[in-house]
Amino acid sequence: MADNDSRSGARYTTPEILAFVDRTHAAHDASLARAFAAPAQHGMPAIQVGISEGKLLTLLTRLAGARKVVEVGTLAGYSALRIARALPTDGKLWTLELDPKHARIAQDNLEAAGLWNRVKVVIGPALASLKTLENEAPFDVVFLDADKEGYLDYARWAHVNLRPGGLLLADNSYYFGKLLDNSPGSQRMREFHAFVGEHFDSVCIPTPDGLVLGLK
Ligand code: SAH
Ligand code: MG
């Protein structure tokens, strides 16, 4: 159930409620805590997904029965760890990262979690890396969380390279509150939404940042 306020976007979340549901449903073990803390510790931007969004990635990956997943935007490997945890032992996550320092720290965190054999960190601009992954298609899940200006191109790639029934996921789809602005970036993000709406069975889940889910 909802009411007029919550249907219009008002939130009943408080920091205390969020902390309660995070620890009740999505608690960190040592490996997750390490990966989550890494950006702040290593002078990287602390822009990893939230704790509950991370757990949502785990559950969606499980629900999709995913064996092959692509993530665009690794940072320190927190969301990669959340996804990789949902894969069977012979499953594989390719996570794409432009910044070699981020990739190295992510690799350390994934090794510490014992998941290194299930995850490959691919260094370079994502669009070029995606090209090299086409021979591994079809994929079960594609998760977008890197440069927002690239989302439309990444979504086009996902539409071609996902299996029927596969999932496209995209974080920050509210574009930090600027989705309806007049800037070129906002326009491009709206084109991304339009593309997904047209080519997938889709929704933008109203997480704080907006998480697009598209079923191919
Ligand atoms: N998914 C991560 C957060 C990713 S932050 C998590 O939730 O834990 C976004 C990352 O995308 C940054 O590490 C940034 O370096 C990377 N990035 C930005 N532009 C990119 C590009 N063109 N190709 C690949 N990675 C890119
Ligand atoms: Mg994000």
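If you read the sequence from its start, that first residue is 1, and numbering goes on from there. Since we're looking at a predicted model, the values are computed, not measured. Each ligand, and each atom within it, is numbered from 1 in the order the structure gives.
R34 pairs by the salt bridge (charged side-chain N to carboxylate O under 4.0 Å, His left out) definition with nothing, not counting sequence neighbours. Taking H199 as the reference, H159, F195 meet the ring pair (Phe, Tyr, Trp, His ring centres under 6.0 Å) condition, with sequence neighbours excluded.
In terms of polar-atom proximity, defined here as any N/O pair under 3.5 Å, Q48 makes no such contact with ligand 1.
E71 counts as a contact of ligand 1, since one of its heavy atoms falls under 4.0 Å from the ligand. Using 4.0 Å as the threshold, G124 has a heavy atom nearer than that to some atom of ligand 1. The shell of residues lying under 4.0 angstrom from ligand 1, judged by heavy atoms, includes Y154. Ligand 1 lies less than 4.0 angstrom from a heavy atom belonging to P125.
By heavy-atom distance, the residue among N172, L130, V72, L98 lying nearest atom 25 (N) of ligand 1 is L98. Nearest to atom 23 (N) of ligand 1 by heavy atom, out of A126, P100, G77, S79, is A126.
The aromatic rings of W94 and F139 lie perpendicular to each other, with more than 60° between the two planes, well past the 30° mark.
A cation-pi contact, defined as under 6.0 Å to the ring centre and within 45° of the axis, is absent between K178 and F176.
Here the heavy atom of the protein found nearest to atom 17 (N) of ligand 1 is A146 CB, 3.8 Å. Here the heavy atom of the protein found nearest to atom 9 (C) of ligand 1 is D145 O, 3.2 Å. Summary of contacts: the protein heavy atom closest to atom 10 (C) of ligand 1 is E97 OE1, 3.6 Å. Residue, atom and distance of the protein heavy atom nearest to atom 5 (S) of ligand 1 are I47 CD1, 3.5 Å. The closest protein non-hydrogen atom to atom 7 (O) of ligand 1 is V49 N, 2.9 Å. Scanning all protein heavy atoms for the shortest distance to atom 22 (N) of ligand 1 gives D147 OD1, 3.2 Å.
When non-hydrogen atoms are compared, ligand 1 lies under 4.0 Å from neither the backbone nor the side chain of M44.
Protein-derived N/O/S atoms nearer than 2.8 Å to the Mg ion (ligand 2) total 3, waters excluded.
When each atom of ligand 1 is checked for a heavy atom of H102 under 4.0 Å away, the hits are 12 (C), 13 (O), 15 (O).
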Might you work through the side chain to side chain contact (heavy atoms under 4.5 Å, CB included) test for L93 and F143, ending with a clear yes or no?
CA-CA 10 Å; L93 166 67; F143 172 51; over 6 Å; no

Step by step, work out the side chain to side chain contact (heavy atoms under 4.5 Å, CB included) result for L169 and E71.
CA-CA 9 Å; L169 302 168; E71 172 178 71; over 6 Å; no

Stepwise, does the side chain to side chain contact (heavy atoms under 4.5 Å, CB included) test hold for K216 with R163?
CA-CA 7 Å; K216 175 168 162 179; R163 68 164 161 85; over 6 Å; no

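Using a 4.5 Å heavy-atom threshold, the side chains of L32 and R85 count as touching.
Each of D171, D145, L75 was compared with Q48 under the side-chain contact (heavy atoms from CB on, under 4.5 Å) criterion, and only L75 meets it.
Checking Y175 against H193 by side-chain atom types alone, no donor-acceptor pair falls below 3.5 Å. Side-chain atoms of R190 and Q187 form a donor-acceptor pair, as typed in the model, at a separation below 3.5 Å.
In this structure a side-chain-to-backbone donor-acceptor pair under 3.5 Å is present from Y151 to L144.
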Scan the side chains in residues 200-210 for donor-acceptor partners under 3.5 Å anywhere in the protein, sequence neighbours excluded, and list what turns up.
from, atom 1, to, atom 2, distance (Å)
T207, OG1, G210, N, 3.0
T207, OG1, L211, N, 3.4
D209, OD1, N172, ND2, 3.2

